[in-house]
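These values consider heavy atoms only, across backbone and side chains, with no hydrogens, waters or symmetry-generated copies. Numbers restart at 1 for each chain; the letters A, B, ... are given by sequence-line order, proteins then strands.
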Protein chains: 2
Amino acid sequence: MSQPDTVGRILDAAEVLFAERGFTETSLRTITSTAGVNLAAVNYHFGSKKELIQAVFERFLTPFTEHLDSELSRRASQDDDLQVDDLLQSLYSVALAGLAKDGRDPKRFMRLLGLAYTQSQGHMRRFIVLRYGSTYRRFAGLLRQALPGIDPVTFYWRLYFMLGATIFSLSSFDAIEAILREDFGAESSLEETLARLAPAATALLTGPK
Amino acid sequence: MSQPDTVGRILDAAEVLFAERGFTETSLRTITSTAGVNLAAVNYHFGSKKELIQAVFERFLTPFTEHLDSELSRRASQDDDLQVDDLLQSLYSVALAGLAKDGRDPKRFMRLLGLAYTQSQGHMRRFIVLRYGSTYRRFAGLLRQALPGIDPVTFYWRLYFMLGATIFSLSSFDAIEAILREDFGAESSLEETLARLAPAATALLTGPK
DNA sequence: CACTAATTTAAACGCTTGTTTAACCCACGA
DNA sequence: TCGTGGGTTAAACAAGCGTTTAAATTAGTG
């Protein structure tokens, strides 16, 4: 890997370590020493540990939501009656391609997303909803259009079930994959797993009341 | 609440605080002061913080798996061709009734279960699998029998999708419920949500390839 | 080159953490 | 009644934490 500037090196190290161990379990000293920078650099460039965590999320969520937004616009312009499959396909392909293109691991982002929802008493969840809520609402709106006649409360619960299935299983991807490999000798790639997840999530959303 | 012995008071306090904040974010001093016992009591009775965490899980997972085991036996004896719905119904009713009967909150256990899978680098997940794996395998086996013709890898991925949807959404129940209440004014109980989750999970498992 | 602002550095700050120690209390059996 | 052992207690321990300081260094500009 090339040697980026201090800010970039800190973000690179923090991203990996946070995903591996969680936020509170990762100290600034561990981050700065693996990044090869001085301990005080975090507070100098980011202000605090909390703001560093937010910066890590912004660095991958901002391009992700931008890609998703333009992908949704692209799909909507060429087909004004989007199906559930189309929308999930957009979501997953953006998650896979958009994030992996600079050599970073898409699984890592799923893991971070999972942590954001469970750790730090929901601080990160609120930050993400506040910062990226508009794209989320746009996606949810399109998905709801593709499920005519569904009552709103049922729809939103199913949306959360779907998000849960996605975030939980993909953020534990390595652990699950290891178990299946040991039991069945079958290696699973992330692409394969998303190809399994897409129809399952569609069934979850469209299933009978 | 009555005043149980020191061990019980520590477990009661730890259970609530861990579920609220996570394991590393909860200090032994917070636990012992809310329990009204001396700080050193944790190390005296449990040995270490790690062993306290395990004890918290054992106290609710042991009766849970026992209830689930006997419920599965009861169902199997009166109907030897169990459907997916039946099995999920067993799982959810045991989670709901079996745990709530001593006045404790079932949501709390879902939250702890979710934390066990995401925090502490999988230590707890391994502990749970090791300690309660047999009941898990029994349930998985029955579920697979109810899904004839499914290939094993697809089945197990879908099982994890289902677990993800369940654990993730129920462990964030309060947060999700608050959002839906604000947006639609519709209060949701845990029973209601499980009644929504059951058919969605069935669709997820039985859906087309 | 000289001056200034930005960055890096080593060291220390105050605080919290999990754990251990040793004195102490008190019930119970000889 | 004495003594023994399980339980409780206050106090201290060493280690780690995020953050701050002030000096040293580097980079950029007139």
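Contact of the A:T154 side chain with the A:D151 side chain is registered, since non-hydrogen atoms from C-beta on lie closer than 4.5 Å. Taking the side chain as every heavy atom from C-beta outward, A:M162 and A:L88 approach each other to under 4.5 Å. Using a 4.5 Å heavy-atom cutoff, the side chains of B:Y92 and B:T193 are not in contact. When side chains are defined from C-beta on, B:L170 counts as touching B:L190, because their heavy atoms get closer than 4.5 Å.
Salt-bridge annotation for A:D12 and A:R59: present, with a side-chain N of the basic residue lying under 4.0 Å from a carboxylate O of the acidic one. With respect to the salt-bridge test (charged N to carboxylate O, under 4.0 angstrom), the residues B:E20 and B:R111 do not qualify.
With sequence neighbours left out, the salt bridge (Lys or Arg N to Asp or Glu O under 4.0 Å) criterion links B:R126 to no other residue. In terms of the salt bridge (Lys or Arg N to Asp or Glu O under 4.0 Å) criterion, B:R125 has no residue partners (sequence neighbours excluded).
At least one donor-acceptor pair under 3.5 Å links the side chain of B:R158 to the backbone N or O of B:G207.
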Give me, pair by pair, the N or O atoms of the protein and of nucleotides 21-26 of chain C that are less than 3.5 Å apart, along with how far apart they are.
none

Interface polar pairs with nucleotides 4-7 of chain C, N/O, under 3.5 angstrom:
| residue | atom | partner | partner atom | Å |
| --- | --- | --- | --- | --- |
| C:dT7 | OP2 | A:Y44 | OH | 3.3 |

Distances under 3.5 Å between nitrogen or oxygen atoms of protein and nucleotides 14-17 of chain C:
| residue | atom | partner | partner atom | Å |
| --- | --- | --- | --- | --- |
| C:dT17 | OP1 | B:S27 | OG | 3.3 |

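Distance CZ (B:F46) to P (C:dG18): 15 Å, rounded to an integer number of Å. Going from atom CZ of B:R9 over to atom C1' of D:dT8 covers 13 Å, rounded to whole Å. Note: CG (B:N38) to C1' (C:dT20) measures 12 Å, nearest angstrom.
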Ignoring hydrogens and angles, write down the donor-acceptor pairs under 3.5 Å from the side chains of residues 45-53 of chain A, residues two or more places apart or on other chains.
| residue | atom | partner | partner atom | Å |
| --- | --- | --- | --- | --- |
| A:S48 | OG | A:E51 | N | 3.3 |
| A:S48 | OG | A:E51 | OE1 | 3.0 |
| A:K49 | NZ | A:F23 | O | 3.0 |
| A:K49 | NZ | A:T26 | O | 2.8 |
| A:E51 | OE1 | A:S48 | N | 3.3 |

